[in-house]
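Report on one structure; see the data block that follows.
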There are 2 protein chains.
Amino acid sequence: MPQDVLSNRPLYLQVRDALAERIAKGTWRPGAAIPNESDLAREFGVSPGTTRKALDLIESERLVTRRQGRGTFVNDQASEGLAIRFSNIRGADGERIVGQVEAGEATEGKANALERERLRLQAADHVYRIRRVQSHDGRPFMVEDVSMPATIFPRLVEMNGVNHRIAILAQRHGVLLGKAQERISIGQASPEAAEVLGIAPATAILSLDRVTQTLDGYPVEWRIGQCHLVGQHYLAEMT
Amino acid sequence: MPQDVLSNRPLYLQVRDALAERIAKGTWRPGAAIPNESDLAREFGVSPGTTRKALDLIESERLVTRRQGRGTFVNDQASEGLAIRFSNIRGADGERIVGQVEAGEATEGKANALERERLRLQAADHVYRIRRVQSHDGRPFMVEDVSMPATIFPRLVEMNGVNHRIAILAQRHGVLLGKAQERISIGQASPEAAEVLGIAPATAILSLDRVTQTLDGYPVEWRIGQCHLVGQHYLAEMT
DNA sequence: AAGTGGTCTAGACCACTCA
DNA sequence: GAGTGGTCTAGACCACTTG
């Protein structure tokens with residue numbers, strides 16, 4: 001049954017929300033099949049057409065995959081192809097460059113001005129910070145400084161050896177990812193980054209300033225990448 | 001009536017194609033209202049639901065805008081907001097930088113290797129080439145070298161004073177635009193570009209190598225931009 | 001053969017816009 | 001009040017996958 005028939009929110013959106021919540025909370029696990037359309041329609045007390053509209057929506061939001069004759073399956077956000085969809089570095093042949101990631105220790109602290117702006121936080125809010133280095137074929141090509149709101153990822157500093165890729169963290173914490181925006185400009189490598197990347201300080205690098213948001217539009221990750229491309233490029237797709 | 005009832009192509013896609021063709025060909029002009037759902041359903045001999053699905057599609061393809069209580073209107077691809085949607089340079093405040101464009105003479109010639117690769121042309125195919133300079137607040141910030149397949153834009157060299165913005169050319173020639181991909185890297189300004197941009201030769205610039213496609217996926221414009229950003233950035237949006 | 005999602009129908013009622 | 005698109009219903013049949 002719809003959670004709130006009195007609400008102005010259309011039924012198909014209410015159903016979408018209910019389905020999305022089950023996926024976020026892990027009630028339906030990644031890879032599992034969810035009930036078929038008519039069962040869902042019965043459960044929510046709406047018509048099959050309304051259910052279908054909700055399913056179309058969560059499919060377009062990459063929460064499920066539907067296959068004719070088989071069923072509807074919860075996507076694993078940790079899978080290749082979903083987890084790396086915000087990594088836009090490509091090789092000369094156009095193939096995605098997904099570096100090996102080496103992450104430092106996570107630290108916690110008060111959000112600074114830039115973090116507050118990018119993550120839409122208040123002065124008292126805390127963030128977790130991690131430095132990551134991405135390598136391809138043994139060559140480090142990007143140094144990333146990552147900040148995440150502490151409230152969304154509780155006890156992150158205490159976890160050891162967890163993968164800090166945002167898609168994986170988000171899935172583990174019941175957060176659904178939506179869009180991301182990346183500001184691209186030419187910058188100079190910081191002394192520490194230059195050292196890691198094996199280039200002269202103040203070499204021109206690509207500055208990749210990216211904010212990743214939840215499906216409802218809340219920022220959950222801000223990272224500045226200092227990227228030294230040799231034969232690779234950044235690929236932006238526009239629709 | 002559906003053009004081909006025997007076709008395997010779903011009815012709503014056949015209706016979509018018919019609507020898209022009328023918009024491309026200019027049968028329905030930019031800004032004009034198109035018939036309402038039930039009239040279209042009658043005309044094509046399908047149910048209102050099928051018509052609606054086709055209308056939803058062309059709306060998502062930016063061909064029309066639907067407004068409850070008013071009607072469905074053909075989008076003007078030459079309008080601000082549609083014509084500049086592939087220009088991703090932003091100012092410090094995040095506002096789009098849409099430069100004044102100064103275009104040189106269009107020339108015609110055989111497609112070179114890179115043009116054939118980017119525009120998927122054969123050895124004998126011809127292209128039109130134009131150099132454009134974009135300025136903002138009187139300062140030139142990007143030099144663009146543009147190539148377009150000659151077959152798609154016949155007699156382009158003979159036209160004087162036409163706007164060479166791809167969205168406008170496309171609308172004039174009955175072509176519907178779809179996606180674009182942009183390869184971004186750090187390059188060195190060519191001597192001529194450096195002169196125009198007022199910077200030292202071999203200064204690091206952002207190289208913006210962009211291919212724009214039609215709705216059916218055919219490349220229609222390739223351009224390399226040499227972009228000198230001062231306080232601005234390139235904004236990539238990922239979904 | 002049974003079960004799934006994909007397509008399609010033929011309506012109803014509602015929210016919104018505008019004359 | 002008339003006309004529009006937005007939502008919703010309650011089915012039918014088809015294409016595809018799997019046991």
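Each chain gets a letter, A, B and so on, in the order the sequences are listed, and its residues count up from 1.
When side chains are defined from C-beta on, A:Arg67 counts as touching A:Phe73, because their heavy atoms get closer than 4.5 Å. Taking 4.5 Å as the limit, every side-chain heavy atom of A:Tyr128 sits out of range of all side-chain heavy atoms of A:Ser147.
Using a cutoff of 4.0 Å between basic side-chain nitrogens and carboxylate oxygens, A:Arg118 and A:Asp209 are scored as salt-bridged. Ion pairing of A:Arg132 with A:Glu221 is present here, as a side-chain N (NZ or NE/NH1/NH2) and a carboxylate O approach within less than 4.0 Å.
Across C:dG6, D:dT7, D:dG5, the shortest atom-to-atom separation from the side chain of A:Arg66 is found for C:dG6. Closest approach to the B:Lys53 side chain among C:dT7, C:dC8, C:dG5 is made by C:dT7 (side chain taken as heavy atoms from C-beta onward). For B:Ser47, the listed nucleotide lying nearest its side chain is C:dC8; candidates were D:dC8, C:dC8, D:dG5. Here the nucleotide nearest the side chain of A:Arg70, chosen from C:dC8, D:dT9, D:dT18, is D:dT18. You'll find that the side chain of A:Gln68 is closest to D:dA15, out of C:dT7, D:dT9, D:dA15. Residue B:Thr50 places its side chain closer to C:dT9 than to any other of D:dT4, D:dC8, C:dT9.
B:Arg52 places its CZ atom 16 Å from the C1' atom of C:dT7, with the value rounded to the nearest Å. Rounded to a whole Å, the CD1 atom of B:Ile34 is 12 Å from the C1' atom of D:dT4. In this entry the distance linking CG of A:Asp39 with C1' of C:dT4 reads 11 Å, nearest Å. As rounded to whole Å, 20 Å separates atom P of D:dA2 from atom CD of B:Glu37. Atoms CZ (A:Arg16) and C1' (D:dT7) sit 17 Å apart, rounded to a whole Å. Put simply, CZ on A:Arg9 is 11 Å from P on D:dT7, counting in whole angstrom units. Rounding to whole angstrom units, CZ of residue A:Arg42 and P of D:dG11 are separated by 12 Å. At whole-Å resolution of the value, CG in B:Leu19 and P in D:dG5 are 12 Å apart.
Within 6.0 Å of CD in A:Gln100 there are 12 or fewer heavy atoms belonging to other residues, nucleotides or ligands.
A:Arg67 comes within 4.0 angstrom of sugar-phosphate atoms only, judged by non-hydrogen atoms across all strands, and of no base.
Toward the 5′ end of DNA chain D lies the nearest nucleotide of A:Gly49, the other residue of the pair A:Gly49 and A:Gly69 mapping further downstream.
Close to D:dC8, at under 4.0 Å from its OP1 or OP2, lies no side-chain N or O of A:Tyr12.
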